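A short worksheet on the structure shown next.
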Amino acid sequence: MEKAYEPKKIEDKIYETWEQSGFFNPDNLTGDPYSIMMPPPNVTGVLHLGHALENSLMDIMARYQRMQGKKVLLLPGTDHAAIATQAKVEKVLASQGIKNPRQELGRDKLLEKIREYAENSKATILSQIKKMGTSCDWSRLSYTFDEARSQTVNEVFSKMYNDGLIYRGYRVINWSVKGQSTCSDDELVHVERPAKLYTFKYGPAFPMSIATTRPETKLGDTAVAVNPKDERYAQYIGQTFTVEVGALKPLAIKIIADESIDPQFGTGAVGVTPAHSPVDFLMYEKQKAQNNPIELIPVIDQLGKMTENAGPNYVGLTVEEARARFLDWLKSNNLLEKEEDIAQNVGTSDRFGDVVEALPMVQWFVDVNKTIPGKNKTLKDLIREAVTTGHNGDQNQKIKITPDRFEKVSLDWIDNLRDWCISRQIWWGHRIPVWYKGSEIYCGTKSPEGEGWEQDPDTLDTWFSSGMWTFSTLDKKDDLKTFHPTSWMQMGYEILFLWMVRMILMSTYHLDQIPFLDVYIHGMLRDEKGQKFSKSSGNNVDPLEVIEKYGTDALRLSLISGITPGNDSKFYDEKVESARNFCNKLWNISRYILSSDLENETKPEVKILRSSDVWIIEKFSSLIESTGQGLEKYQFSQAAERLVEFTRNDLADWYLEVAKFESNKEVKAWVLKNILQDLLKLWHPFIPFVTETIWSGMNESKLLLIEKWPERNKYSSGMEDWQRDNHLLHFNKVKEVISAIRNIRLENKIDIKNKITVIARIPESGNPAFKSVIEDEQEIIKKLRTGVEDIQVEISNEILENAYFAPVGDVNIYVPFAGAIDKVAEKQRFEKEVANLEKYISGLERTLGNTDFVKKAPQAVVDKEKKNLKDAQDKVKEIKGYLENLR
RNA sequence: GGACAUUUAGCUCAGUUGGUUAGAGCGUCGCAUUCACAUUGCGAAGGUCACUGGUUCGAGUCCAGUAAUGUCCACCA
């Protein structure tokens, strides 16, 4: 074995071995099915650290479950990411001089360009996933835009259409002028910006003033809404006033009542523009439902210009120009009353970046509030059910969200859910499976027979297809039956509403099943300063570079260290570095163990186990349990932390050191060999490459990848509890003694090469029998190792006078080394300790003197406290006695 | 405006159902080194657990309020 672990040399080779073994494919595995669908990365570019984190989490679970003997499917894939990809490619093309790609290239050519880009990006992404060591089944690789997935999209669309859950309607939608497409409510990013709030009157005779930040839209006003309880305006409700503001026709403004109007804000009266405000559109619909309709006048078009309706003075102007002109008109007519600066939240298009315009258009919508035929439930109900009572009230079909606080957030979101606009005017995406011929309309999975049918030019919202990811990917024979609902899903909180909820909607509607049993929400990665990673802030980290420098295992371990569900975490070089160091530590531990003589296949007899053996076996046994539990509860960080602690502190620093002086080679061989093998198994899900490499040096033919998870009972020592406890107690004392000796030596600057004379006694033996003199630290370790009696040494009065006394539990050690002892420092040290102890004692006494405590606290707690008190008092007595002698 | 989260050592974070002396890693400082490992080991210093009040025999932990920071949602025109 090399002196240091060098990941670069082996990682690719190992991944290849795994892949060729066929065990990434569940068809080659047996056992209960366990499935994870990889959230498909967008084909807009390369993977970033967030993806690396996700791959680590998923792969840890997949490998752990595989070692549990399950038939594990981790299904990889990519997402065509409709708007995101088209926007990206258009930007690239623009930078190459094709300023207006849609017009200059046309539909087919532009799609060709995007496809080319997407394929490139896909190839890069897939190779990155492999680099991460992700154990996914490449034979089931999926793409949201491939044949099989598109087929499912058409099927589900048609089904929803036939169920009347998808409709085509004229409604106000979010329109990106820049992208020339709609956006759903969830694709908006709200940005705060300074704006001006203008207060004005439509005309001198109009009974009230209104306030607005968008004066130009007022050319399309058809109502003024007031709160019905507002006495100032109650008399006007129901009246219509005709005003002349320069629009094509005079505006008929009806005064309507609406509860949502805040009488305190502005003038308490709101100009209603049904065509250009989602809120106002709601009022428009409400009025219509109450048979008290108001008009709807679009004054802005899809290019962001004023329409004819806006009047001859405004038609063709941009909204900014129209605004200025309208304000001029208000001013010159003395209608503008106030102008104030306010902060305003505007919705911008997530992908194109421009402020969206609210426009009325004919679009396709998913009706979330309509009763599903034959079900007495709406889509909204289905989503709610899945996270509360369970699908159809079945608790086994309830989605568990970790951490659970996201359940509440989801419920709030569901309550506010409005009809989902699913049609987009971009070209990159699934074409809406609807065909028109004259007034005829056809919806189906394939184009209809006959001539003259024309398909709807629009494409579907990308989330419509990704919502089906958990089942559209399972198109192989029996896969759906075997792997759905999927076992576990992980995602960042930022796509909770965009994706998680839509998967629930699609799966419960289409399959009558929840999409996944468990969902784990992870936080976002931030840089050292807590800032988001992004290209624009220049702090982007390329996972491949990190891998190149430190190795994949180090990256994986650092990513999952220090994270807790749902909370953001910071990522920086030092973290990877220490993970890399750890991998190397594990490598060297193995190197050492494998270089020693391990010829023993049989478990040693209980009676020849030393206390250190019992100790490490017990520690390891509980490690098996805690690692498993940690993973079952998705406490990745904690599980890894415990593993590090065991590997580094317990195994390397204590057991291996002490074992160097172990005389019983057979015991050592069995313990070391077995613990090392099983430790590699525990570590494998986290750091697969280094563990597999070490493993391959021990087991020529078999892969660690499919080894069974260690059994705890293999490490039961088979001894009585009291016996085991004695061993553990003893070894803990040994550790204390060794530590104390180290301290003494260090503090007194005793060279390790000097002989230290150590004299110890066991107080409770009552009659200290001193036997031998021990020569140096390593000798001490050896002696201590074999039994307490061995370190009892003869002590003369002469030695006692110069003795250094360190109380360490029940074992007291005297180190006569007169010349080196700084008595003043020692005195201070002990006085401090006494002070601490006394503080502790007085606390305990207060507690124990409290009758309520004795009555109410559990007996075990009281007893423990009593024992603690006695121990502390004894210790103080001893130290005080020593301090007396010191004078 | 609403909701949620966070606040513990210089930094990054643990702290399971309340149990009395609050932990780790990094960093700092000191020390060690023929050893499987300098990608190492040992040790020390460093914290009124944001603040105020409450519940309790007992609060970092539960409750209420305050402050700071962050995130999400939202139709103040």
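Chain letters run A, B, ... following the sequence lines, proteins first and then strands; every chain starts at 1. Remember, predicted model here, so these are calculated numbers, not experimental data.
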Under 4.0 Å, heavy atoms only, any strand: does Thr212(A) hit a base, just the sugar-phosphate, or nothing? sugar-phosphate
From the candidates C26(B), C37(B), G70(B), the one with an atom nearest any side-chain atom of Arg526(A) is G70(B)
Between Asp350(A) (side chain) and Val189(A) (backbone), is there a donor-acceptor pair under 3.5 Å? no
Side-chain atoms of Gln638(A) come closest, of G15(B), G19(B), A77(B), to G15(B)
Which of U71(B), C42(B), A77(B) is nearest the side chain of Gln344(A)? It is A77(B)
Taking A74(B), C57(B), U20(B) as options, the one with an atom nearest any side-chain atom of Asn345(A) is A74(B)
Item checked: Side-chain N or O of Asn868(A) closer than 4.0 Å to phosphate OP1/OP2 of U21(B) -> no
Under 3.5 Å donor-acceptor, His522(A) side chain and Leu53(A) backbone:
no
Looking at Asp527(A) and Lys570(A), is any side-chain nitrogen of the basic one under 4.0 Å from a carboxylate oxygen of the acidic one?
no
- Remember a base hit wins even if backbone is also touched, and classify Ser277(A) as base, sugar-phosphate or nothing at under 4.0 Å, heavy atoms. nothing
Determine the Euclidean distance between corresponding C1' atoms of A5(B) and A77(B); express it in Å to zero decimal places. 31 Å
query = U56(B) and C63(B): how far apart are their C1' atoms, nearest whole angstrom?
reply = 12 Å
Closest of U20(B), C57(B), C75(B) to the Arg418(A) side chain is C75(B)
So what does Lys3(A) hit on the nucleic acid, given a heavy-atom distance under 4.0 Å: a base, only sugar-phosphate, or nothing? sugar-phosphate
message = Classify Tyr5(A) by what it touches in the nucleic acid, base, sugar-phosphate, or nothing, heavy-atom distance under 4.0 Å.
response = nothing
Taking A77(B), U71(B), C4(B) as options, the one with an atom nearest any side-chain atom of Lys408(A) is C4(B)
Mark yes or no for whether Glu337(A), through its side chain, and Ser209(A), through its backbone, hold a donor-acceptor pair below 3.5 Å. no
Practice task
May I ask you to say what Arg405(A) touches in the nucleic acid, namely base, sugar-phosphate or nothing, with a heavy-atom cut-off under 4.0 Å?
Solution key: sugar-phosphate
task = Using a heavy-atom cut-off of under 4.0 Å over every strand shown, decide if Asp262(A) touches base, sugar-phosphate, or nothing.
result = base
Checklist line | U61(B) to A9(B) separation - P atoms, rounded to the nearest Å | finding: 15 Å
Of all heavy-atom pairs linking Ala225(A) and Met283(A), the shortest is CB-SD, 3.8 Å
- Task: Select base, sugar-phosphate, or nothing to describe what Ala872(A) touches, counting heavy atoms under 4.0 Å on all strands.
- Result: nothing
Open item on the list: Angle between ring planes, Tyr520(A) versus Phe636(A), binned at 30° and 60°: parallel, tilted or perpendicular?
Closed with: perpendicular
Considering only heavy side-chain atoms of Phe853(A), the closest of A77(B), A74(B), C57(B) is C57(B)
Ranking A77(B), G41(B), U20(B) by distance to the side chain of Ile261(A), first place goes to A77(B)
Considering only heavy side-chain atoms of Phe265(A), the closest of C37(B), G19(B), C76(B) is C76(B)
Next on the checklist: Does a side-chain N or O of Ser561(A) approach OP1 or OP2 of G25(B) to a distance below 4.0 Å, or not?
Outcome noted: no
Less than 3.5 Å between a donor and an acceptor, one on the side chain of Lys585(A) and one on the base of C37(B), is that the case here? yes
Picking from G19(B), A77(B), C4(B), the nucleotide nearest the side-chain atoms of Pro858(A) would be G19(B)
